[in-house]
Trainee: 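My questions will all concern the structure given below.
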Amino acid sequence: IEPLEPLAPSTRYEVALAGELGARTHAFHFSFVHRPLTALGVWGADPDALAPDADIPLSFDQAVRARDAAAHCRLAADHAVALVAKADTTAMTIALAPAERLAPGAHYTLTCDGLTGAGGNAPMRPYTLAVRARPPLELARFSPDGEVVPDEVVLGFSFTTPVDLAAIRAAGSSEPAIPGLDRGSLSADGM
């Protein structure tokens with residue numbers, strides 16, 4: 001048996017045999033979910049360094065309503081933090097804003113429970129993701145520490161959060177002056 005029209009995603013269908021065939025099979029029936037909704041995670045932001053005051057872009061394998069995602073997803077640490085949809089959109093990636101500023105460096109668990117795809121009736125399996133709010137900017141490590149061989153010096157600065165290359169070049173200085181100090185490069189993670 002093939003459906004004459006496409007089935008709706010995130011939808012539970014009940015199938016039963018009717019008539020004489022149903023009677024002969026003791027009312028045989030079954031159900032299935034066509035394309036169950038799946039959360040793909042946080043896209044476009046580092047889940048280990050979420051900006052404490054920015055939206056969290058949560059992605060799914062099919063379109064969801066932003067207001068539904070806000071109603072069924074939340075952050076939790078010491079207490080639950082509600083998530084707010086700023087716009088009533090339907091998309092595969094939904095920007096959810098924490099109802100309160102996240103504590104810098106704090107660990108949270110993002111959960112979604114009971115959420116269905118747009119127009120669907122079958123809730124997805126509970127989803128959890130460990131996330132962390134970006135810590136305050138600090139210098140975590142500096143190298144070298146100690147004596148070095150002349151002309152073989154590489155200065156290394158490691159920060160707790162990503163920095164802008166122009167900002168670090170402008171902020172760096174030495175006494176006495178080191179020629180070329182502002183020509184450094186930045187690692188791929190920006191830290």
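Positions are given from 1 along the sequence.
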Trainee: Would you call Leu155 and Pro144 a side-chain contact if the rule is heavy atoms closer than 4.5 Å?
Mentor: yes
Trainee: Linking I/L/V/M/F/W/Y whenever their side-chain heavy atoms sit closer than 4.5 Å, directly or via other members, would Leu115 and Trp43 fall into one cluster?
Mentor: no
Trainee: Should we say atom CG of Asp78 is surrounded by more than 12 heavy atoms from elsewhere, each under 6.0 Å from it?
Mentor: no
Trainee: Within the side chain of His29, is there an N or O that forms a donor-acceptor pair under 3.5 Å with the backbone of Val15?
Mentor: no
Trainee: Identify the two heavy atoms, one from Leu181 and one from Gly172, that lie closest to each other, and give their separation to 0.1 Å.
Mentor: CD2-C, 4.0 Å
Trainee: Without swapping roles, check the side chain of Arg101 against the backbone of Pro52 for a donor-acceptor pair under 3.5 Å.
Mentor: no
Trainee: Starting from the C-alpha separation in whole Å, work towards a yes-or-no answer on side-chain contact (heavy atoms from CB on, under 4.5 Å) for Asn121 and Thr116.
Mentor: CA-CA 6 Å; Asn121 65 9; Thr116 63; 5.8 Å; no
Trainee: Test side-chain contact (heavy atoms from CB on, under 4.5 Å) on Ile56 and Val131 and set out the steps.
Mentor: CA-CA 10 Å; Ile56 300 170; Val131 296; 6.0 Å; no
Trainee: Any idea which heavy atoms bring Ala70 and Ala85 closest together, and the distance?
Mentor: CB-N, 3.7 Å
Trainee: For a quick test of reading the model, state the closest non-hydrogen atom pair linking His79 to Glu100 and the distance between them.
Mentor: NE2-OE2, 2.7 Å
Trainee: Can a donor-acceptor pair be found, under 3.5 Å and without considering hydrogens, that links the side chain of Tyr108 to the backbone of Ala103?
Mentor: yes
Trainee: Around atom CD of Glu20, are there more than 12 heavy atoms of other residues, nucleotides or ligands at under 6.0 Å?
Mentor: no
Trainee: Mind checking whether Met191 and Leu139 sit in one hydrophobic cluster, side chains of I, L, V, M, F, W, Y counted as touching below 4.5 Å?
Mentor: no
Trainee: Looking at Arg125, I want to see if its CZ is surrounded by more than 12 non-hydrogen atoms of other residues, nucleotides or ligands under 6.0 Å.
Mentor: no
Trainee: Quick one: are Asp61 and Leu37 in side-chain contact, heavy atoms under 4.5 Å?
Mentor: yes
Trainee: Please report the shortest heavy-atom distance between Ala97 and Asp55, naming the atom on each side.
Mentor: CB-OD1, 3.2 Å
Trainee: Passes side-chain contact (heavy atoms from CB on, under 4.5 Å), Asp68 versus Ile94? Steps please.
Mentor: CA-CA 10 Å; Asp68 293 344; Ile94 301 295; over 6 Å; no
Trainee: Using modelled atom types and a 3.5 Å cut-off, is there a donor and acceptor pairing between side-chain atoms of Ser10 and backbone atoms of Gly117?
Mentor: yes
Trainee: Heavy atoms only: give me the nearest Gly44-Pro57 pair and the separation to one decimal.
Mentor: C-CG, 4.4 Å
Trainee: Answer with yes or no whether the hydrophobic clustering places Leu186 together with Phe142; edges join I, L, V, M, F, W, Y residues whose side-chain heavy atoms lie under 4.5 Å apart.
Mentor: yes
Trainee: Measure the spacing between NE2 of His72 and CZ of Arg65 and express it to the nearest 0.5 Å.
Mentor: 10.5 Å
Trainee: Are Leu137 and Phe157 co-members of a hydrophobic cluster defined by side-chain heavy atoms under 4.5 Å apart?
Mentor: yes
Trainee: Checking side-chain contact (heavy atoms from CB on, under 4.5 Å) for the pair Leu58/Cys112: CA distance, chi angles, key distance, verdict?
Mentor: CA-CA 10 Å; Leu58 187 55; Cys112 294; 3.6 Å; yes
Trainee: How long is the span from the CZ atom in Phe30 to the CD atom in Glu14, to the nearest 0.5 Å?
Mentor: 9.5 Å
Trainee: In Å and rounded to the nearest 0.5 Å, what is the CG to NE2 distance from Leu75 to His107?
Mentor: 13.5 Å
Trainee: Would the distance check show the side chain of Arg132 and the main-chain N or O of Gly105 forming a donor-acceptor pair, the cut-off being under 3.5 Å?
Mentor: yes
Trainee: Could you check whether any side-chain heavy atom of Tyr127 comes within less than 4.5 Å of a side-chain heavy atom of Thr111, counting everything from C-beta outward?
Mentor: no
Trainee: Is it true that a side-chain atom of Tyr13 and a backbone atom of Ala8 form a donor plus acceptor pair closer than 3.5 Å?
Mentor: yes
Trainee: Taking the side chain as every heavy atom from C-beta outward, state whether Asp46 and Asp189 have any pair of such atoms under 4.5 Å apart.
Mentor: no
Trainee: Quick one: pull up OG1 in Thr109 and CZ in Arg74 and give me the separation to the nearest 0.5 Å.
Mentor: 10.0 Å
Trainee: Which pair of heavy atoms, one from His34 and one from Leu7, lies closest together, and at what distance?
Mentor: CD2-O, 3.4 Å
Trainee: So, do Thr38 and Met124 sit near enough that their side-chain heavy atoms are less than 4.5 Å apart?
Mentor: no
Trainee: Name the atoms and distances for all side-chain donor-acceptor pairs under 3.5 Å in residues 160-167, with sequence neighbours left out.
Mentor:
residue	atom	partner	partner atom	Å
Thr160	OG1	Pro136	O	2.6
Thr160	OG1	Glu138	N	2.9
Asp164	OD2	Ala166	N	3.2
Asp164	OD2	Ala167	N	3.3

Trainee: In Å and rounded to the nearest 0.5 Å, what is the CG to OG1 distance from Leu96 to Thr93?
Mentor: 10.5 Å
Trainee: Is there a chain of hydrophobic side chains (I, L, V, M, F, W, Y, each step under 4.5 Å between heavy atoms) that links Met92 to Leu110?
Mentor: no
